[in-house]
2 protein chains.
Amino acid sequence: MEYTIKAISQLAGVSTRTLRYYDEIGILKPARINSSGYRIYGEKEIDILQQILFYRELDFNLDSIKEIIQSPNFDEINALKQHYNELLAKRQRIDTLIYNVEKTIFNKERRLKMRDEEKFQGFKKKLIEDNEKKYGEEVREEYGEEAVKRSNEQFMNMTKQQYNELNELGNKVLETLKEAYKTGNPAGELGQKTADLHRKWITLCWGDYSPEAHANLTQMYVDDERFRSYYDKEQPGSAEFLRDAVKIYTEKI
Amino acid sequence: MEYTIKAISQLAGVSTRTLRYYDEIGILKPARINSSGYRIYGEKEIDILQQILFYRELDFNLDSIKEIIQSPNFDEINALKQHYNELLAKRQRIDTLIYNVEKTIFNKERRLKMRDEEKFQGFKKKLIEDNEKKYGEEVREEYGEEAVKRSNEQFMNMTKQQYNELNELGNKVLETLKEAYKTGNPAGELGQKTADLHRKWITLCWGDYSPEAHANLTQMYVDDERFRSYYDKEQPGSAEFLRDAVKIYTEKI
DNA sequence: TATACACATTAACGTAACGTCAATGTCAAT
DNA sequence: ATTGACATTGACGTTACGTTAATGTGTATA
């Protein structure tokens, strides 16, 4: 039986390019060339190809395969053993690489955590300082020196997890407020939910809660330009909406 | 501090070609080019090179390294983890290869042993048949049917090791005979050594020994053209020399 | 019979990370 | 002026094909 290059390539599952390359490097020549210059292969060539593919599977390079299949009485077993040793060496190398990459990842993560922690501490400190500068007086007047000190202490002792929770809660307040604002009804479900989330936030932030302080604070959000702009940023009127919602919320308590 | 390409290459332990290549692919450009077109590197470039080499040690390719060191806030840890997984996959692949090569070696060795054993059995059978055809009658006359049967049985049950020993011993007889023949003295040390080796050979071959049979056998070597030619092949007269040596040897017993 | 389509060919470039020339220019010391 | 160490660019080689281009062949169909 004779085969064209396509036939063999499909039989063996290799590309025709591969077969031409094998012809080129002399590892597998076609049985003959027909009058049009086409490569024609026979059964024998199929057998040789199978052998080549077998050794290729074992990761031999084509030069070695050529030696193995072309030299009669070539010491195949010796070649296999040598290849085996090379593979062991390769594995050893990869094991070392894996160990080093592991080590590197560990170190980088540790350092990253430390840098994060550092940044977190710095961030907290800066936030308190900023707050002092901006609202120190008002807050002190409203809640007294003691409350401010206690709040700052609590803030500095906050763990990162708590910090993240606080942040998340703050975002949730904003999100819910946005949705609630669309309803236009501070007394509605969403409006009251916003007020409740805000209460939670205050509790986390100040470590204490009173409906009066809550109502006063949100009133301040409206009166003070700096707070108002924070809430009104996306939807003007949000600060007033929040105040109204909280007023209704606190009156129900 | 400024460095020429040679200086940096020696500092970092890489070739100048490597540095030129790194310049070419844009992973490490020199700080400046001087008026003669020489590459001039600074401290910063040394740091970058160290980084490159570090990742190169971990088997990153230069494209990845380029990304890592050139993109600010590139997710290094993620890259490391991905690389780590690739290494694990590579190890997995090598483990499979190692297993398959092991299996192949095992099979090839087993088949080789079997083929050897087969050939060995075939060889023994053929040897006995040949002997029967050539010398069957004479030997039967000399030693009787029983002895021949016993001998053949022993021969067929011979292990390969024994077979090798026998072969070796046979060669040693020939070698020693060759040396002894040069002395021209069958009664001399070498001549008697030859006789003694020949006795051992007979014992192994026939499982039995008698000085008379020994002397008779060597006489036959001389009388029978077919045996004589085997011994006289290289040095004519060797068969007679052996007979004489053995005669002296057996008379001393 | 012209055409369309599958299949064939050779030739060439591209891949990754340099090693290794070759041809040629520069610097410092003698 | 010469020598020797050092610099430059340019180009090929390495492995096992993939991919593309330009072109020829075989066969079925309109």
Side-chain angles (χ1 to χ4, degrees), chain A residues 2-42 45 48-49 51-70 83 86-87 90 93 97, chain B residues 2-42 45 48-49 51-70 83 86-87 90 93 97:
Chain A
E2 299 205 312
Y3 307 87
T4 65
I5 198 168
K6 186 91 187 287
I8 282 222
S9 86
Q10 283 170 342
L11 264 172
V14 300
S15 71
T16 58
R17 174 68 173 103
T18 298
L19 292 172
R20 287 199 195 93
Y21 181 62
Y22 288 175
D23 182 5
E24 186 186 332
I25 64 172
I27 192 175
L28 177 62
K29 299 251 176 222
R32 65 189 184 83
I33 304 285
N34 79 4
S35 59
S36 315
Y38 287 18
R39 290 172 179 79
I40 307 294
Y41 296 86
E45 283 71 33
I48 297 176
L49 183 53
Q51 276 217 68
I52 294 173
L53 297 182
F54 174 76
Y55 283 106
R56 206 178 63 163
E57 282 293 295
L58 299 182
D59 214 30
F60 275 83
N61 64 50
L62 293 182
D63 261 13
S64 307
I65 297 181
K66 196 173 172 184
E67 272 192 309
I68 292 176
I69 62 171
Q70 290 189 347
H83 187 57
E86 283 165 17
L87 286 175
K90 261 193 191 174
R93 181 178 132 73
L97 287 175
Chain B
E2 300 204 313
Y3 306 87
T4 64
I5 198 168
K6 187 90 186 286
I8 281 223
S9 86
Q10 282 170 343
L11 262 171
V14 299
S15 71
T16 59
R17 174 67 173 104
T18 297
L19 292 172
R20 287 199 194 93
Y21 181 63
Y22 287 175
D23 182 6
E24 187 185 332
I25 64 172
I27 191 174
L28 177 61
K29 298 249 177 226
R32 65 190 184 83
I33 304 285
N34 78 4
S35 58
S36 315
Y38 286 19
R39 290 173 179 79
I40 307 295
Y41 296 87
E45 283 71 33
I48 296 177
L49 183 52
Q51 277 217 69
I52 293 174
L53 297 182
F54 174 75
Y55 284 105
R56 205 178 62 163
E57 282 293 297
L58 300 182
D59 214 29
F60 275 83
N61 64 52
L62 293 182
D63 261 12
S64 306
I65 297 180
K66 197 174 173 186
E67 271 192 310
I68 293 176
I69 62 172
Q70 291 189 344
H83 187 58
E86 283 165 16
L87 286 176
K90 261 193 194 173
R93 182 178 131 74
L97 287 175

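FYI, side chains are in, hydrogens and waters are out, and symmetry mates aren't considered; it's all heavy atoms of this structure. Residue numbers begin at 1 in each chain, while the letters A, B, ... track the order of the sequences.
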In the structure I gave you, are the side-chain heavy atoms of B:Asp59 and B:Lys90 within less than 4.5 Å of one another anywhere? yes
Taken to the nearest whole Å, CD1/B:Ile40 to P/D:dC6 is 15 Å
Atom CZ of A:Arg32 and atom C1' of C:dA8 are separated, to the nearest Å, by 14 Å
Whole-Å distance, B:Leu19 CG to D:dC6 P, equals 15 Å
### Query
Is there side-chain contact between A:Ile68 and A:His83, with at least one heavy-atom pair below 4.5 Å?
no
Original post:
Is the phosphate of C:dC7, meaning OP1 or OP2, less than 4.0 Å from a side-chain N or O of A:Arg39?
Top reply: no
A:Arg20 CZ to C:dA12 C1', in whole Å, measures 14 Å
With side chains defined as the heavy atoms from C-beta onward, is the minimum distance between B:Arg39 and B:Thr4 less than 4.5 Å? no
Between CD1 of B:Ile8 and P of D:dC6 the distance, given in whole Å, is 16 Å
Original post:
Got B:Arg56 and B:Thr18 here, is their nearest side-chain heavy-atom distance under 4.5 Å?
Top reply: yes
Here the distance between atom P of D:dG10 and atom CD of B:Glu24, to the nearest Å, is 9 Å
Check your understanding: Does B:Leu53 reach the side chain of B:Leu49, with side-chain heavy atoms less than 4.5 Å apart?
Key -> yes
Atom CG of B:Asp23 and atom P of D:dT9 are separated, to the nearest Å, by 8 Å
A:Ile5 CD1 to D:dG26 P, in whole Å, measures 16 Å
Measure the shortest side-chain to side-chain distance between B:Leu87 and B:Leu58 over non-hydrogen atoms and say whether it is less than 4.5 angstrom. no
Between the main-chain N or O of B:Phe54 and the side-chain N or O of B:Glu57, is there a donor-acceptor pair closer than 3.5 Å? no
Review point. With a cut-off of 6.0 Å (strictly less than), are more than 12 heavy atoms of other residues, nucleotides or ligands near CD of A:Gln70?
Key: yes
Taking five pairs at each terminus, the helix from C:dT1-D:dA30 to C:dT30-D:dA1 shows an axis bend, to 10°, of 50°
Expected string for nucleotides 17-30 of chain C under the B/S/- scheme (protein heavy atoms, under 4.0 Å, primed atoms plus P, OP1, OP2 as sugar-phosphate) is BBBB----BBS---
Can you confirm whether B:Tyr41 sits close enough to B:Leu19 that some side-chain heavy atom of one is under 4.5 Å from a side-chain heavy atom of the other? yes
